[in-house]
Amino acid sequence: MKYTFGNTLRTSLALALMAALPAQAEPILVTGWASPGPTAVVRISNTVPAIDSRVYAGAFATIESGSNTFASWCIDIFQRTQIGATVTNFSQVTGEAFFGTQTVRFDQLGQLATLAYADALSSVTHAAAFQLAIWEITNETSGTLNVGGGSFRASNANDAMVLAQSWLDALPDESLYGFNVWTSGTHQDLVVFDMLPPRLPQPAQGVPEPGSLALAALGFGALFAARRRTRFSAAV
């Protein structure tokens with residue numbers, strides 16, 4: 001796996017995934033870009049391992065097993081995606097399994113999708129901003145999410161950077177999205193977001209159940225009848 005969390009964690013996580021999940025390779029075909037218009041070009045640098053290059057930032061139009069189509073996003077800047085060629089060594093893992101003990105990153109990606117995914121494919125700028133925010137969350141090690149500085153740094157895409165930063169500065173507390181990751185040993189890992197199922201409403205606290213109400217009514221009725229008998233006996 002290709003993380004910035006260090007070789008030891010990468011190895012441990014890979015071994016844990018192999019032990020926990022059956023290895024089942026699936027064919028993935030990236031046919032092009034899912035975002036509209038010409039894809040934004042950004043410069044990324046200051047990463048660990050070191051990268052200083054111009055890359056495209058946007059969503060991929062993706063097909064799994066020849067029929068399942070969806071938009072995916074790069075979550076691995078240290079390998080390349082091959083557009084137009086089917087790659088057969090992808091395996092799907094959950095977001096929790098992909099990040100392992102890095103639970104903050106997992107939470108932040110869900111929060112990012114909650115805030116911005118609905119508009120992520122609405123324009124070139126939105127798609128580039130969403131991709132930059134994914135890279136920032138995944139690769140930043142300074143403790144501060146800043147797309148223009150820190151251990152992951154973007155440049156050459158001011159509008160997308162400003163929008164990405166505005167999202168990162170306003171991440172909600174709650175996440176309504178989950179995600180899975182298609183991982184490969186030879187190509188970029190791809191993240192796919194989806195809304196979580198709606199939560200079932202919780203019963204209101206302190207409201208008696210119907211059976212309890214019936215028992216209470218029966219008890220009050222018996223008490224009232226007993227008091228009437230007492231008063232009637234005293235008057236005779």
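Both backbone and side-chain heavy atoms feed into the values below; hydrogens, waters and symmetry mates do not.
W135 is listed as a side-chain neighbour of I77, based on a closest heavy-atom distance under 4.5 Å. Between F179 and D194, every side-chain heavy-atom pair lies at or beyond the 4.5 Å cut-off. Proximity of V55 to V41: side-chain heavy atoms (C-beta onward) are nowhere separated by under 4.5 Å. By the 4.5 Å heavy-atom criterion applied to side chains, S122 and D119 are counted as neighbours. Using a 4.5 Å heavy-atom threshold, the side chains of E64 and W182 count as touching. Using a 4.5 Å heavy-atom cutoff, the side chains of Q82 and V30 are not in contact. The closest side-chain heavy-atom distance from T39 to V124 is not below 4.5 Å. In this structure, R153 and I44 have side chains that are not in contact, with every pair of non-hydrogen atoms separated by 4.5 Å or more.
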Next on the checklist: Is there a side-chain hydrogen bond (donor to acceptor under 3.5 Å, both in side chains) between N89 and S184? Walk through the geometry before answering.
Outcome noted: CA-CA 6 Å; N89 66 347; S184 167; 3.0 Å; yes
Checklist entry - Passes side chain to side chain contact (heavy atoms under 4.5 Å, CB included), F98 versus F106? Steps please. => result CA-CA 9 Å; F98 182 81; F106 168 77; over 6 Å; no
Checklist entry - Yes or no on side chain to side chain contact (heavy atoms under 4.5 Å, CB included) for I134 and I75, after CA distance, side-chain angles and deciding distance? => result CA-CA 7 Å; I134 291 173; I75 199 171; 4.2 Å; yes
Checklist entry - When you look at F99 and T103, which way does the side chain to side chain contact (heavy atoms under 4.5 Å, CB included) test go after all the steps? => result CA-CA 7 Å; F99 281 106; T103 56; over 6 Å; no
Item to check | Stepwise side chain to side chain contact (heavy atoms under 4.5 Å, CB included) test for E26 and T88 | outcome: CA-CA 6 Å; E26 298 287 348; T88 60; over 6 Å; no
Next on the checklist: I'd like to know whether S151 forms a side-chain hydrogen bond (donor to acceptor under 3.5 Å, both in side chains) with N139, so could you lay out the CA-CA distance, the side-chain angles of the two residues, the decisive distance to 0.1 Å, and finally the verdict.
Outcome noted: CA-CA 7 Å; S151 55; N139 294 283; over 6 Å; no
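Summarising the local packing, CZ of F70 is surrounded by more than 12 heavy atoms from other residues, nucleotides or ligands at distances under 6.0 Å. N68 CG: more than 12 foreign heavy atoms inside a 6.0 Å radius.
Here the straight-line distance linking atom CD of Q188 with atom OG of S72 works out to 9.0 Å at 0.5 Å rounding. Taking CG from L171 and CG from L109, the interatomic distance works out to 9.5 Å, rounded to the nearest 0.5 Å. Distance SG/C74 to NE2/H187: 12.5 Å, rounded to 0.5 Å. Taken to the nearest 0.5 Å, the CG atom of L112 stands 9.5 Å off from the CG atom of L145. With rounding to the nearest 0.5 Å, the separation of CD in Q111 from CG in L115 is 9.5 Å. With rounding to the nearest 0.5 Å, the separation of OG1 in T81 from CG in D76 is 8.0 Å.
Using a 4.5 Å cut-off between side-chain heavy atoms of Ile, Leu, Val, Met, Phe, Trp and Tyr, with links allowed through other members, I83 and Y56 fall into the same hydrophobic cluster. In the hydrophobic cluster analysis, where Ile, Leu, Val, Met, Phe, Trp and Tyr join through side-chain heavy atoms closer than 4.5 angstrom, V181 is grouped apart from F90. L190 and F78 are assigned to two separate hydrophobic clusters, defined by single-linkage of ILVMFWY side chains at heavy-atom distances under 4.5 Å. The hydrophobic cluster containing I137 also contains W167, counting ILVMFWY residues as joined when their side-chain heavy atoms lie under 4.5 angstrom apart, directly or transitively.
Remark: the backbone N or O of N146 is not paired with any side-chain donor or acceptor of T144 at under 3.5 angstrom. Put simply, the side chain of T62 never gets that close to the backbone of A71: no donor and acceptor are under 3.5 Å apart. Side-chain N or O atoms of T31 include one that pairs as donor or acceptor with a backbone N or O of A61 at under 3.5 Å. For S45 (side chain) and D52 (main-chain N/O), no donor-acceptor pair under 3.5 Å exists by modelled atom type. Under a 3.5 Å cut-off, the side chain of Q131 and the backbone N or O of A57 do not form any donor-acceptor pair.
The two residues G84 and L29 have their closest heavy-atom pair at C-CD1, 3.6 Å. Looking at every heavy atom in both residues, L132 comes nearest to A154 through CD2-CB, 3.8 Å. In this structure, E140 and F152 approach most closely via the heavy-atom pair OE1-N, 3.3 Å. When all heavy atoms of G58 and S35 are compared, the pair lying nearest together is CA-OG, 4.1 Å. Looking at every heavy atom in both residues, E136 comes nearest to V147 through OE1-CA, 3.5 Å.
For W73 and F60, the ring centers sit 6.0 Å or farther from each other. Y117 has its ring centre less than 6.0 Å from the ring centre of F193.
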